[in-house]
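This report concerns only the one structure given below.
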Amino acid sequence: QVQLVESGGGLVQPGGSLRLSCAASGSIFSSSGMGWYRQAPGKQREMVATITAGGNTNYADSVKGRFTISRDNGKKIVYLQMSSLKAEDTAVYYCTSALTGRWGQGTQVTVSS
């Protein structure tokens, strides 16, 4: 059974950086596309970045050039490196597995001075 556990969230000032991690259990990680989504208060959950099993990436227009998604299949971790953070990036960030449809519990990112 695949479980996803996010970490790395926190409070950061505008312009700062954070790296989120999503650790996965199970043997199918390397075969699964993975994604980061976020949900701000009062808003719908939206896609932030995705990465295929082969390493192809896709980003929301709002984060292109600022965020980078990557994966380490040996460690079964998918990362989201976030730079030049803005107040509007404040949200709960979730990772998900495309193959299993499972979601993690989320990690809070707050960008504020």
- Shared ILVMFWY cluster between Ile69 and Tyr94, side chains joined below 4.5 angstrom? no

- Message: Between Ser70 and Val78, is there a side-chain heavy-atom distance shorter than 4.5 Å?
- Response: no

- Identify whether NZ of Lys or CZ of Arg in Arg71 sits under 6.0 Å from the centre of the six-membered ring of Tyr79 and within 45° of that ring's axis. no

- Value for OG1 (Thr100) from CD (Gln3), rounded to nearest 0.5 Å, stands at 11.0 Å

- Message: Side-chain heavy atoms nearer than 4.5 Å, only ILVMFWY residues, links allowed to pass through others: does that put Leu18 and Trp36 together?
- Response: yes

- Query: Given the rule in the side chain to side chain donor-acceptor pair (under 3.5 Å) test, do Ser32 and Ser97 qualify, once you have shown the distances and angles that lead to the verdict?
  - Reply: CA-CA 6 Å; Ser32 178; Ser97 163; 2.9 Å; yes

- Item | From Gln108 atom CD to Glu6 atom CD, the distance as rounded to the nearest 0.5 Å | 12.0 Å

- Item | Axial cation check for Tyr59 ring with Arg66, 6.0 Å and 45° limits | no

- Message: To the closest 0.5 Å, what do you measure between SG (Cys95) and CG (Leu20)?
- Response: 9.5 Å

- Message: In this structure, would Met82 and Val12 fall into the same cluster of hydrophobic residues linked by side-chain contacts under 4.5 Å?
- Response: yes

- Dump the intermediate steps for side chain to side chain contact (heavy atoms under 4.5 Å, CB included) on Val5 and Cys22, then the final yes or no. CA-CA 5 Å; Val5 180; Cys22 173; over 6 Å; no

- Task: Without swapping roles, check the side chain of Gln81 against the backbone of Thr68 for a donor-acceptor pair under 3.5 Å.
- Result: no

- State the OG1-CG distance between Thr107 and Leu80, to the nearest 0.5 angstrom. 11.0 Å

- Message: Using a 3.5 Å distance criterion without hydrogens, assess whether the side chain of Glu46 forms a donor-acceptor pair with backbone atoms of Gln39.
- Response: no

- Message: For Ser83, is there any backbone N or O sitting under 3.5 Å from a side-chain donor or acceptor partner on Ser17?
- Response: no

- Linking I/L/V/M/F/W/Y whenever any side-chain heavy atoms sit under 4.5 Å apart, do Ile51 and Leu99 land together? yes

- Indicate yes or no for a side-chain donor-acceptor contact from Thr96 to the backbone of Arg102 under 3.5 Å, with no hydrogens or angles considered. yes

- Test Met34 against Leu4 for side chain to side chain contact (heavy atoms under 4.5 Å, CB included), laying out the working first. CA-CA 11 Å; Met34 301 294 295; Leu4 303 172; 3.9 Å; yes

- Look only at the side chain of Asp72 and the backbone of Lys75, and say whether a donor-acceptor pair between them is shorter than 3.5 Å. yes

- In terms of hydrophobic clusters joined by side-chain contacts under 4.5 Å, are Trp103 and Met47 together? yes

- Query: Any salt bridge between Asp89 and Lys86, counting N to O under 4.0 Å?
  - Reply: no

- Taking the six-membered ring for Trp, are Phe67 and Tyr93 parallel (under 30°), tilted (30 to 60°) or perpendicular (over 60°)? tilted

- Inter-residue atom distance Arg38.CZ - Glu88.CD, 0.5 Å rounding: 8.0 Å

- Item | Main-chain N/O of Val111 paired to Thr90 side chain as donor or acceptor, under 3.5 Å | yes

